[in-house]
Amino acid sequence: MGMSFSGRVALVTGAAAGIGRATALAFADEGLQVVVADLDETGGEATVRAIRENGGEASFVRCDVTRDADVAHLLATTLDTYGRLDYAFNNAGIEIERHKLAEGSEAEFDAIMGVNVKGVWLCMKHQIPALLAQGGGAIVNTASVAGLGAAPKMSIYSASKHAVVGLTKSAAIEYAKKGIRVNAVCPAVIDTDMFRRAHEADPRKADFAAAMHPVGRIGKVEEIAAAVLYLCCDAAAFTTGHTLAVDGGATAI
Ligand SMILES: NC(=O)c1ccc[n+]([C@@H]2O[C@H](COP(=O)([O-])OP(=O)(O)OC[C@H]3O[C@@H](n4cnc5c(N)ncnc54)[C@H](O)[C@@H]3O)[C@@H](O)[C@H]2O)c1
């Protein structure tokens with residue numbers, strides 16, 4: 001594909017598990033130096049070990065994306081360690097509701113919006129000056145198919161992911177002439193530990209999840225990682241402000 005990533009530096013949030021870990025590994029496989037950021041130190045260090053065992057270079061920074069001081073520290077450490085930042089994948093997110101809107105709580109609303117919306121905003125706020133200082137780069141935010149349409153029993157989550165799309169599109173326009181591209185990836189149901197924990201107990205739910213996708217299965221973390229790497233690479237130079245659904249056809253129905 002002509003990814004031309006050599007010598008570049010990528011930052012991934014929520015990289016201790018799931019989609020973030022797979023994307024950190026994929027960046028490292030392409031020869032990038034990777035900053036692995038997460039709240040979860042054990043998982044984050046495991047991602048770094050996996051990258052090093054494959055011959056790659058990575059370091060872990062503990063960061064709560066809802067805290068301005070943590071995100072400022074994350075960017076300062078990235079620049080101190082590797083001297084630059086080229087790509088950021090703002091992926092940390094939580095998915096904690098399983099009920100209708102009227103049963104939600106204020107604490108749940110604040111928690112979901114805090115990580116999924118404020119976290120992405122804070123990360124971009126601190127990443128953009130670093131990218132501007134070196135003449136450009138690319139940002140990918142993790143939205144969801146729940147950011148493109150309804151998600152019954154996950155209305156706050158759906159609102160948070162629509163907000164990620166709004167942040168993505170607005171930032172893309174603001175910095176389009178400055179060499180910074182900003183896109184969002186919108187996964188449907190992906191096979192992560194979170195999904196397995198929720199569905200192993202009830203195989204009927206797993207069958208239902210597979211059937212939601214016209215291709216007849218749920219997605220793999222590597223399939224999201226591949227989309228993120230594409231959106232970052234120079235072959236995507238004309239793509240900004242885009243929401244890329246990686247969803248087995250789910251949003252085409
Ligand atoms: N798995 C899916 O089906 C699916 C579908 C669509 C979108 N997504 C989105 O993809 C992203 C990754 O999800 P995943 O499935 O890999 O989940 P996951 O739970 O496996 O990984 C999320 C990671 O984010 C970290 N995290 C949570 N809060 C944080 C905070 N405040 N600061 C820093 N890190 C924090 C967690 O520790 C965890 O390592 C999320 O934004 C999620 O909403 C997932």
Side-chain angles (χ1 to χ4, degrees), residues 11-26 35-48 50 60-75 88-98 108 110-123 126 140-149 151 154 156-165 167-168 184-199 205-206 208-210 212-213 217-225 227-228 243-248 250-251:
L11 162 59
V12 180
T13 72
I19 293 168
R21 173 178 286 173
T23 306
L25 284 160
V35 178
V36 169
D38 207 291
L39 264 181
D40 171 4
E41 293 180 37
T42 309
E45 295 290 3
T47 302
V48 168
F60 173 68
V61 181
R62 189 191 176 282
C63 173
D64 179 345
V65 296
T66 69
R67 298 174 66 92
D68 184 80
D70 276 24
V71 180
H73 172 256
L74 170 63
L75 266 292
F89 181 35
N90 298 319
N91 163 75
I94 56 171
E95 194 195 62
I96 53 177
E97 312 154 90
R98 290 278 177 242
E108 204 171 51
D110 289 345
I112 296 169
M113 289 293 173
V115 181
N116 296 5
V117 184
K118 184 183 174 192
V120 168
W121 174 74
L122 273 177
C123 284
H126 287 281
V140 179
N141 299 318
T142 303
S144 168
V145 293
L148 302 173
M154 292 171 69
I156 306 170
Y157 180 80
S158 174
S160 77
K161 293 301 188 178
H162 277 77
V164 171
V165 170
L167 290 170
T168 301
V185 67
C186 300
V189 181
I190 306 300
D191 189 3
T192 59
D193 290 345
M194 186 200 284
F195 173 82
R196 286 183 197 193
R197 277 195 303 274
H199 292 87
K205 281 194 186 158
F208 178 73
M212 280 167 47
H213 306 80
R217 65 169 177 86
I218 63 169
K220 301 175 187 159
V221 288
E222 294 80 9
E223 291 168 330
I224 306 304
V228 175
T243 49
L244 178 57
V246 184
D247 67 350
T251 52

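FYI, side chains are in, hydrogens and waters are out, and symmetry mates aren't considered; it's all heavy atoms of this structure. Numbering of ligands and ligand atoms starts at 1, following listing order.
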| field | Spacing of CD1 belonging to I19 relative to CZ belonging to R21, to within rounding of 0.5 Å | value | 13.0 Å
| note | In terms of its nearest heavy atom to atom 22 (C) of ligand 1, the top option of G114, G93, G20 is G93
| said: If the cut-off is 4.0 Å to any non-hydrogen atom of G18, which atoms of ligand 1 fall inside it? | reply: 16 (O), 20 (O)
| field | Side-chain donor or acceptor of K161 paired with backbone N/O of G149 under 3.5 Å | value | no
| said: Heavy-atom count check: over 12 atoms from other residues, nucleotides or ligands less than 6.0 Å from H73 NE2? | reply: no
| query | Under a heavy-atom criterion of less than 4.0 Å, does A143 contact ligand 1? | reply | yes
| Going by heavy atoms, is C63 under 4.0 Å from ligand 1? | yes
| field | Nearest protein heavy atom with distance in Å, relative to atom 17 (O) of ligand 1 | value | M194 CE, 3.7 Å
| Y157 and ligand 1 - part of the residue with a heavy-atom distance under 4.0 Å | side chain
| Interatomic spacing from CD in E97 to OH in Y157 - rounded to 0.5 Å | 10.0 Å
| Among N91, I94, D40, V185, whose heavy atom sits nearest atom 40 (C) of ligand 1? | N91
| query | Who's the nearest protein heavy-atom neighbour of atom 35 (C) of ligand 1, and how far? | reply | A92 CB, 3.7 Å
| task | Show which atoms of ligand 1 fall inside a sub-4.0 Å distance from at least one heavy-atom site of P187. | result | 5 (C), 6 (C), 7 (C)
| query | In Å, rounded to the nearest 0.5 Å, how long is the span from CG of L39 to CG of D70? | reply | 8.0 Å
| query | Under 4.0 angstrom from ligand 1, any heavy atom of D38? | reply | yes
| said: Would you compute the distance between atom CD1 of I218 and atom CG of D191 and round it to the nearest 0.5 angstrom? | reply: 4.0 Å
| remark: atom 21 (O) of ligand 1: closest protein heavy atom, distance to 0.1 Å, is A17 CB, 4.0 Å
| Can you find a non-hydrogen atom of T142 under 4.0 Å from ligand 1? | yes
| For ligand 1, which atoms sit closer than 4.0 Å to a heavy atom of V189? | 3 (O)
| Around R62, counting heavy atoms of other residues, nucleotides and ligands shown, do more than 12 lie under 6.0 Å from its CZ? | yes
| message | One residue to check: T192. Relative to ligand 1, which of side chain, backbone, both or neither has a non-hydrogen atom less than 4.0 Å away? | response | side chain
| said: Can you tell me which portion of K161 lies within the under-4.0 Å heavy-atom range of ligand 1? Options are side chain, backbone, both, or neither. | reply: side chain
| query | With distance as the sole test, does S144 use its side chain to make a donor-acceptor pair with the main-chain N or O of C186 at under 3.5 Å? | reply | no
| field | atom 3 (O) of ligand 1 [closest protein heavy-atom partner, distance rounded to 0.1 Å] | value | I190 N, 2.9 Å
| request: If you have a sec, work out which protein heavy atom is nearest atom 29 (C) of ligand 1 and how many Å separate them, to one decimal? | output: L39 CD1, 3.7 Å
| query | If only atom types and distance count, is the side chain of H213 paired as donor or acceptor with the main-chain N or O of G219 below 3.5 Å? | reply | no
| field | Separation of I112 CD1 from M154 CE (nearest 0.5 Å) | value | 8.0 Å
| Distance from atom 24 (O) of ligand 1 to nearest protein heavy atom, with residue and atom | G14 CA, 3.4 Å
| query | From I94 CD1 over to S160 OG, what is the distance, rounded to the nearest 0.5 angstrom? | reply | 8.5 Å
| At a 4.0 Å cut-off, with the gap strictly under it, does some heavy atom of A188 reach an atom of ligand 1? | yes
| message | Test your reading of the model: is there a side-chain donor-acceptor pair from N91 to the backbone of T13, 3.5 Å cut-off? | response | yes
| remark: Looking only at protein heavy atoms, what sits closest to atom 31 (N) of ligand 1 is D64 OD1, 3.0 Å
| field | Single hit among L75, N90, V36 for side chain to side chain contact (heavy atoms under 4.5 Å, CB included) with L11 | value | L75
| remark: re atom 16 (O) of ligand 1, the protein heavy-atom contact at minimum distance is I19 N, 2.8 Å
